[in-house]
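Report on one structure; see the data block that follows.
The analysis underlying the following values was restricted to heavy atoms, covering all of them including side chains, and did not include hydrogens, waters or symmetry mates. Order of listing sets the numbers, starting from 1, for every ligand and every atom in it.
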Amino acid sequence: MTRVIEMTPPSSAPAEAALPSLVGLDREKLGRALETAGVAERERRMRVNQLWHWIYLRGATSFDEMTNVSKHLRTRLAEVLSLARPEIVVEQVSQDGTRKWLLRMPADTPGEKPHEIECVYIPEKDRGTLCVSSQVGCTLNCSFCHTGTQRLVRNLTAAEIVAQVMVARDRLGDYPGRERAVGPGLPTEGDRLVTNIVFMGMGEPLYAYDSVAEAIEILSDGDGLGLGKRRITVSTSGIVPEIERLGREVGPMLAISLHAVRDELRDVLVPINKKYPIEELIEACRTYPPASNAKRITFEYVMLKGVNDSPADAKALVKLLEGVPAKINLIPFNPWPGTQYECSDWETIERFSDIVFRAGYASPVRTPRGRDILAACGQLKSETEKLSARERLALRAMAAAAE
Ligand code: SAH
Ligand code: SF4
């Protein structure tokens, strides 16, 4: 059964004149925040390291927990700064253990509507993957993606990206000494519940390059959250010039939303293809600095009935990826109200996956997760753009039919 927990009513007023939060800041910004709190320059580096440990390694939610910081300084910090996380508007737990949070970020300017974004936790036996958003909405309008239909768009800050991970770990009790969440589907192996991060939520991460790069440095810091870059995957629709830069400057794993093997079709499905066509995209992958046979690039391919799912497409896909250290991920299309597409039949997906498998790619089909809470790919859409009651019913019916 799906459990839907309403944490705070969506209509609740944003907290007034909240103190600036330290959560999600990098070392430099933490230092500047300490400066505003009057911490002398000579002790700032040491204090930054202490705060880093408490915030990111221990998940502290109050300055009082920071026992190696003097009482006097703790009191001072609490007067002018906070450890606040984004507000959780709704938490949903799927029957398969997938969890989805709708988070509210403060508005940029007073009087403006606050921004709402979603992040999704996908547990497996030996790992837990958090799918984070990089933008509110997306400007790219891929024709099969629900997020692309959202009007409101802004880049998230690095702090807002990191805060999604903090919220998930808070709610899962995923810090040393905390009570770990229990429930069906959660990982039973290893001592961490969030082990991997994928930038596959709302938005195009390479259009929010600076925030994403800064967030990855914070997430992968070994003295803090400790999510190594091999455990962080950035998924892009193919912003070619930023791919090389990401590899060189940051070095996470890469996923490409390919979805078509011919430019005429990809121009329709992923319109940014008109600017950066398939050949240029594949070349950027071939030369992606961190890629190797041990660190393969994932090619995502959404299965659309009668559109891109023929055996000829599968063969062309295998051919296209020759010489690229690649993994292939076939994603059953997740329908949404108003979409013109349907998911390929199961037999068609199997036939396609067989061709890919015979070419040497292991288990290429991604099982849809969290369908009952609309947490699956492309269904992430902020509540800011309310679905009508009819749309909700239609979505639920489609999700049920797809089971
Ligand atoms: N903007 C980035 C990352 C977010 S989308 C990108 O496009 O890569 C994450 C993945 O979900 C992408 O591969 C995207 O193509 C896929 N996706 C979007 N809508 C979908 C849908 N309705 N069904 C299945 N996959 C979808
Ligand atoms: Fe944006 Fe990715 Fe959706 Fe395309 S698939 S509209 S790039 S979120």
Exercise for the section: Mark up the atoms of ligand 1 that fall under 4.0 Å of a heavy atom belonging to C145, in ascending order. Expected result: 18 (C), 19 (N)
Practice task
Looking only at distances, please establish whether an N/O atom of ligand 1 is found under 3.5 Å from an N/O atom of E300.
Solution key: yes
Handout entry: Test item: E189 side-chain N/O and K125 main-chain N/O as donor-acceptor pair under 3.5 Å
Key = no
Practice task
Can you measure from CZ (F144) to CG (L304) and round to the nearest 0.5 angstrom?
Solution key: 7.0 Å
Exercise for the section: Using atom types as modelled and distance alone, determine if a side-chain donor or acceptor of E204 lies under 3.5 Å from a backbone N or O of L206. Expected result: yes
Fill in the blank from the handout: If you scan protein heavy atoms around atom 2 (Fe) of ligand 2, the nearest is G203 O, 4.5 Å
Practice task
Any atoms of ligand 1 less than 4.0 Å from a non-hydrogen atom of T236? List them with their elements.
Solution key: 6 (C), 8 (O)
Fill in the blank from the handout: Here the atoms of ligand 1 under 4.0 Å from any heavy atom belonging to G201 are 4 (C)
Handout entry: C145 near atom 4 (Fe) of ligand 2 via N/O/S, less than 2.8 Å
Key = no
Exercise for the section: Take E65 and R74, measure what salt bridge (charged side-chain N to carboxylate O under 4.0 Å, His left out) needs, and give me the verdict at the end. Expected result: CA-CA 9 Å; E65 290 174 51; R74 284 182 343 226; over 6 Å; no
Exercise for the section: Answer yes or no as to whether an N/O/S atom of C138 is found below 2.8 Å from atom 3 (Fe) of ligand 2. Expected result: no
Completion exercise
ligand 2 atoms nearer than 4.0 angstrom to some heavy atom of L140 are 7 (S)
Problem - Ligand-side contact atoms (ligand 2) for residue partner S237, heavy atom cut-off under 4.0 Å - result: 7 (S)
Problem - Atoms in ligand 2 flagged as close to N141, the criterion being non-hydrogen separation under 4.0 Å - result: 6 (S)
Completion exercise
When rounded to the nearest 0.5 Å, the distance separating OG of S344 from CD of E350 is 12.5 Å
Problem - More than 12 heavy atoms from other groups under 6.0 Å of CZ on R45 - result: no
Exercise for the section: Quick one: look up the protein heavy atom nearest atom 4 (Fe) of ligand 2 and list residue, atom name and how far away it is. Expected result: C142 SG, 2.3 Å
Handout entry: Numbered atoms and elements of ligand 1 in range of S257, under 4.0 angstrom, heavy atoms
Key = 6 (C), 7 (O), 8 (O), 12 (C), 13 (O), 14 (C), 15 (O)
Problem - Proximal atoms of ligand 1 relative to I331 (non-hydrogen, under 4.0 Å) - result: 24 (C), 25 (N)
Handout entry: Option whose closest heavy atom lies nearest to atom 1 (N) of ligand 1, chosen from C138, S143, G203
Key = G203
Exercise for the section: Could you tell me whether F199 approaches ligand 1 through its side chain, its backbone, both or neither, with non-hydrogen atoms closer than 4.0 Å? Expected result: backbone
Practice task
Output the list of atoms in ligand 1 that are nearer than 4.0 Å to some heavy atom of N334, sorted by atom number.
Solution key: 21 (C), 22 (N), 23 (N), 24 (C)
Exercise for the section: Please tell me if the side chains of T287 and E283 come closer than 4.5 Å, counting only heavy atoms from C-beta onward. Expected result: yes
Problem - Side chains of L57 and W52 in contact at under 4.5 Å (non-hydrogen atoms) - result: no
Problem - H259 neighbourhood, listing ligand 1 atoms whose heavy-atom distance to it stays under 4.0 Å - result: 13 (O), 14 (C), 15 (O)
